[in-house]
Amino acid sequence: MKVGVLALQGAFREHREVLDALGVDAVEVRTPEHLGGADALILPGGESTTVSRLLDTSGLRAPLAVALADGLPAFGTCAGLILLAREVLDGRPDQVPLAAVDLAARRNAYGRQVDSFEAPLAVRALSGGPFPGVFIRAPAIVSLGPHVEVLAEHDGEPVLAREGAVWVSTFHPELAGDLRLHERFLQELT
Ligand code: GLN
């Protein structure tokens with residue numbers, strides 16, 4: 001099994017380090033050729049407007065959309081969630097999401113005062129106590145389709161969800177110092 005990490009911009013190294021710590025073969029995805037070798041793809045946090053533009057210039061957008069439509073398992077964290085969403089609110093006008101998960105995301109939803117914070121999260125798919133949620137200029141999930149399963153909430157709002165093989169979090173599991181969420185996502189790939 002080889003897990004791709006979209007490496008156009010943002011926190012891809014940190015995701016790669018988690019995969020390394022789990023002993024999983026990882027490939028940094030910058031071109032359509034790299035994508036061809038991946039059994040799953042992690043879309044990291046960063047700046048979704050920039051990554052969206054780089055998806056076009058790298059030629060990755062079309063093959064990635066096809067792979068996702070064909071069932072490529074994916075995990076989008078923070079900006080990665082924004083990229084995978086069906087709809088983006090407060091995005092740039094030219095920011096076209098991949099629509100791989102049936103939800104609407106609002107960018108930078110927590111405002112300036114609390115734009116970064118940490119909170120312990122009760123994650124339904126995990127045992128072993130709360131997961132440290134690291135939120136950095138996080139988006140919010142503002143609406144969900146009927147087939148999206150919420151796996152964790154913060155203040156009553158969904159922050160971790162999945163629709164089939166596509167997982168999304170508004171927080172950064174790669175910065176939590178806790179491997180359980182990556183491990184849980186990967187568990188279904190083997
Ligand atoms: N605010 C960023 C965006 O809109 C996401 C922040 C993050 O990934 N940490 O793309």
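Order of listing sets the numbers, starting from 1, for every ligand and every atom in it. Keep in mind it's a predicted model, so treat the numbers as computed, not measured.
In this structure, His182 contributes its side chain and Leu179 its backbone to no donor-acceptor pair below 3.5 Å.
Here Glu47 has heavy atoms under 4.0 Å from ligand 1 in both its backbone and its side chain.
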After noting the C-alpha distance and the side-chain angles of His154 and Tyr110, does the key distance pass the ring-ring contact (aromatic ring centres under 6.0 Å, His included) rule? CA-CA 12 Å; His154 173 63; Tyr110 291 88; 7.1 Å; no

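The closest side-chain donor-acceptor pair between Arg61 and Ser52 falls under 3.5 angstrom. The closest side-chain donor-acceptor pair between Thr77 and His15 falls under 3.5 angstrom.
Counting heavy atoms from C-beta on, the side chains of Val51 and Leu83 come closer than 4.5 Å.
Below 4.0 Å from some heavy atom of Ile82 lie the following atoms of ligand 1, by number and element: 3 (C), 4 (O), 10 (O). With ligand atoms numbered from 1 in the order given, ligand 1 contributes 2 (C), 5 (C), 6 (C), 7 (C), 8 (O), 10 (O) to contacts under 4.0 Å with heavy atoms of Gly46. Using a 4.0 Å cut-off to heavy atoms of Gly45, the atoms of ligand 1 that qualify are 8 (O).
Counting protein heavy atoms only, atom 7 (C) of ligand 1 is closest to Cys78 SG, 2.8 Å. The protein non-hydrogen atom at the shortest distance from atom 3 (C) of ligand 1 is Ser48 OG, 3.5 Å. Ranking the protein heavy atoms by distance from atom 4 (O) of ligand 1 puts Arg107 NE, 2.6 Å first.
If you take OG1 on Thr50 and CD on Gln9, they are separated by 5.0 Å, rounding to the nearest 0.5 Å.
Taking only non-hydrogen atoms, the option from Asn108, Leu43, Leu83 nearest to atom 1 (N) of ligand 1 is Asn108.
Ring orientation note: the planes of Trp167 and Phe185 are nearly perpendicular, at an angle over 60° on the 30°/60° scale.
When only interatomic distances are considered, the shortest N/O to N/O separation between His172 and ligand 1 falls below 3.5 Å.
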